[in-house]
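Structure first, commentary second.
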Number of protein chains: 2
Amino acid sequence: MVNIKDVAKQANVSIATVSRALNNNKSVLPETKQKILKIAKELNYTPNLIARNLITQKTNVIAFILPEVGGDYFSEIIRGVDEVAFNSNYQLLVASSHSQRNTMETTLKFLEKSRVDGIILMLPSLSDQMKDILANHTTPIVAINGEGEFPAINTVGIDNFQGTYSMISFLINSLGYSKLGLIKGPSYNYDATKRRKGFLKALKDNNISHNEDWEIEGGFSVTGGELACSRILSLNEKPEVIFACNDMMAAGCYKAIQSFNLNIPDDIGVVGFDHVFLSEFITPKLTTVHVPTVDIGREAAKLLFKQINSEEETSVEHTKISTGFIIGGSTKSQKK
Amino acid sequence: MVNIKDVAKQANVSIATVSRALNNNKSVLPETKQKILKIAKELNYTPNLIARNLITQKTNVIAFILPEVGGDYFSEIIRGVDEVAFNSNYQLLVASSHSQRNTMETTLKFLEKSRVDGIILMLPSLSDQMKDILANHTTPIVAINGEGEFPAINTVGIDNFQGTYSMISFLINSLGYSKLGLIKGPSYNYDATKRRKGFLKALKDNNISHNEDWEIEGGFSVTGGELACSRILSLNEKPEVIFACNDMMAAGCYKAIQSFNLNIPDDIGVVGFDHVFLSEFITPKLTTVHVPTVDIGREAAKLLFKQINSEEETSVEHTKISTGFIIGGSTKSQKK
DNA sequence: GCATATCAAGAAAACGTTTACAAGAGATTT
DNA sequence: AAATCTCTTGTAAACGTTTTCTTGATATGC
């Protein structure tokens, strides 16, 4: 494999000069530079990045660490991260812990020490040991969806509370619903708990009492949502609309409602959260809270690079991404 | 940052011994090893991977290069790759060319030279320059979906031809269809052209003539499929069933058919290819060719590691992944 | 015309490891 | 008892760059 020495020998200069020529250092004569570049090209030389990384203490790689690879959410976020990284001339290392908690910790520690210039961490929750590691971290880190729990590190997240609050208020005030059910997500999941809080607050602020029987956990999955919805539909008194804390569970509701031979939205309304691709294709189209998923990745990456590129210590930042509304056919139409 | 020297000093041994202890070299006294490991832990020492990579000429990183990050297909394939890489103790670098052709080439060249031990390449087609690079490659490479076009490099792909052929034969022989339309994909796309060939061969082998008017390009997208389907529906003589070369275009067909106020499958049948997540949720459920997407990633990674781990030159391999059938409600029910 | 500033290029150190080779001690063979 | 082998550890080279510090030459100022 051809290295800098070969180029230097061929060009009759020292390796230092070759290095300078390749890095556009001003203190190399234009003609020398041309000669070196020409020879480098002829020999098909490209610098060894590992060696460069070792000496410069920089890798131009950022890591994206998450529990599980796959799915819509992942693929959209990584798209945003990739876009920004690409424009900043960075490469992206994807590290999944395969849902093993302590693997996530080791991975993080592992990467912190070397190899990557920054880390984007996507975690549903934080273990104590993880907090410990984050507290003593040296590599720039941005966490997605960790807001509130750990003020010491940068975070980017969607406004779960406000998004839910607005949607529920809309259901009550503009669509006239007054009996609302809730299919919530796992309690250890930040997004899930924030959405539940938004739901409850909106009810309270609109003087609507919350029926405990209408609140069931659906595990953020299609089947979980289906099960939860079935239980609600089996009750004597049913809600007029069900707010599922994510679209997957809302899709589960569709299945349950179909198997009960009921109609959406005439018999019961369904509302989701996330605005996943699927939500546009199920019939009727789902009313849901739009989440600009790609933006989450973009913002996280931007924040990370801001940290990486500033020499002095930057203050911790928390970016909140606002949500939007998608009005589909799964809720009754607007009151006049 | 604590390095191997610090550990050596603290333990009163040479850095060589520390290195050996950490790498489980047998020729280090158990008590010495214990002492070293203890001190390493106390000092919170982890070896610098870059330095290790430089000397060992190995990075334990593989790259996954593709035109565009995002979407279902990507996310499933990367899941398979990640799974195998994880089990082999490898990290995964994702490099998108953002659809810029020559960026893909540079990226490839770039990575070839250093940094990664192997490359998985996902490409819809091969430019001449790309072929040139691949011919002179030194790093182990596996291409996804490049089969046939470039025998010199390892490939993993699904059996597009057989998958389509079987499905079309089934439509004709078991369901009794005899008038079949085709919405094909882009002509530069391997998968698309192979699927078209399977379609045509099945028709021929079953003595069914192919109506050129019923063959339209849909660009592999939802809107493309919708447009193509609309054109077919506007014809005087329509087919009984439309085979869309992927599920996205099939979903587009649903939209077009709805807007023509026709019923699936009574007025016209729709069949897709890919079995994407979505296909299970549209109504009626789509009849489609199942593609084990995760397996593609898995097999590609396995093949790559086989290459990486064998010292002698291995022969080129082409792995073909077989497809399956999903019978939904978008086609008429089986003849008795 | 001499001291000084400027400039291009080279020598060598540095980054943090792994590993080939050497060395010394103790055990084993002849 | 000398020779050989084995076992543990140390010394130093190597990986391929970047960069600091020199060096020598030429230009500039007086």
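Labels below follow one simple rule: chain letters A, B, ... track the order of the sequence lines, proteins then strands, and each chain is numbered from 1. As a basis for the values below, the full set of heavy atoms in this structure was taken, side chains included, without hydrogen atoms, waters or symmetry mates.
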### Task
Please tell me which of Thr56(B) and Ile15(B) maps to the more 5' nucleotide of DNA chain D, matching each residue to the nucleotide holding its nearest heavy atom.
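So the residue in question is Ile15(B).
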### Task
State plainly whether the residues Arg298(A) and Asp295(A) are in salt-bridge range, i.e. N to O under 4.0 Å.
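Yes, Arg298(A) and Asp295(A) are salt-bridged.
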### Query
Will you find, in the side chains of Asn25(A) and Lys33(A), an N or O donor that is under 3.5 Å from an N or O acceptor?
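Checked: Asn25(A)/Lys33(A) side chains show no N/O donor-acceptor pair below 3.5 Å.
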### Task
Go through the side-chain N and O atoms of Gln91(A) and Asn60(A) and say whether any donor and acceptor fall under 3.5 Å apart.
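Per modelled atom types, Gln91(A) and Asn60(A) side chains form no pair under 3.5 Å.
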#### Entry: Nucleotide range of DNA chain D lying under 4.0 Å from chain B heavy atoms
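Here the contact window of chain B covers dT8(D) to dG16(D).
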### Message
Just checking Lys58(A): does its NZ atom have more than 12 heavy atoms from other residues, nucleotides or ligands closer to it than 6.0 angstrom?
### Response
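Count over threshold, so yes.
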#### Entry: Residue pair Val2(B) / Asn44(B): nearest heavy atoms and the distance that separates them
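Heavy atoms only, the tightest pair is CG1-O, 4.0 Å.
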### Query
Is the phosphate of dA9(C), meaning OP1 or OP2, less than 4.0 Å from a side-chain N or O of Thr17(A)?
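So the side chain of Thr17(A) is outside the cut-off, no N or O lying under 4.0 Å from OP1 or OP2 of dA9(C).
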### Divergence of helical axes at both termini of the helix from dG1(C)-dC30(D) to dT30(C)-dA1(D) - five pairs an end, 10° steps
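Computed from the C1' atoms at both ends, the axes differ by 50°.
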### Task
Would you jot down, in residue-number order, the residues of residues 18-39 of chain A having a non-hydrogen atom under 4.0 Å from DNA chain D?
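Heavy-atom contacts with DNA chain D come from Ser19(A), Arg20(A), Asn23(A).
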### Message
Can you pull out every ring pair (Phe, Tyr, Trp, His ring centres under 6.0 Å) where at least one residue sits in residues 297-317 of chain A? Sequence neighbours excluded, please.
### Response
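Qualifying pairs, neighbours excluded: Tyr90(A)-Phe305(A).
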### Query
Mind checking what makes side-chain contact (heavy atoms from CB on, under 4.5 Å) contact with Ser310(A), not counting sequence neighbours?
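For Ser310(A), the residues satisfying side-chain contact (heavy atoms from CB on, under 4.5 Å) (neighbours in sequence not counted) are Thr314(A).
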### Message
Within the structure provided, determine whether Tyr45(B) and Asp6(B) are in side-chain contact (heavy-atom separation under 4.5 Å).
### Response
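No. Closest side-chain heavy atoms not under 4.5 Å.
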### Task
With sequence neighbours excluded, give me every salt bridge (Lys or Arg N to Asp or Glu O under 4.0 Å) pair touching residues 40-49 of chain A.
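Qualifying pairs: Lys38(A)-Glu42(A).
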### Message
Any base atoms under 4.0 Å from Ile50(A), or only sugar-phosphate, or nothing? Heavy atoms, all strands.
### Response
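No contact at all - Ile50(A) keeps every heavy atom at 4.0 Å or more from the nucleic acid.
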### Message
Using the side-chain heavy atoms of Ala16(B), tell me which of these nucleotides is nearest: dA12(C), dT18(C), dT19(C).
### Response
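Selected nucleotide (nearest to the side chain): dT19(C).
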### Task
Would you mind reading off the distance between Leu49(B) atom CG and dT17(C) atom P, rounded to a whole angstrom?
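About 9 Å, once rounded to whole Å.
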### Query
Does Pro67(A) offer a backbone N or O that forms a donor-acceptor pair with the side chain of Ser96(A) under 3.5 Å?
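Side chain of Ser96(A) to backbone of Pro67(A): a pair is present.
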### Task
Walk me through it: do Asn53(B) and Thr59(B) pass the test side-chain hydrogen bond (donor to acceptor under 3.5 Å, both in side chains)?
CA-CA 5 Å; Asn53(B) 295 164; Thr59(B) 60; 5.6 Å; no
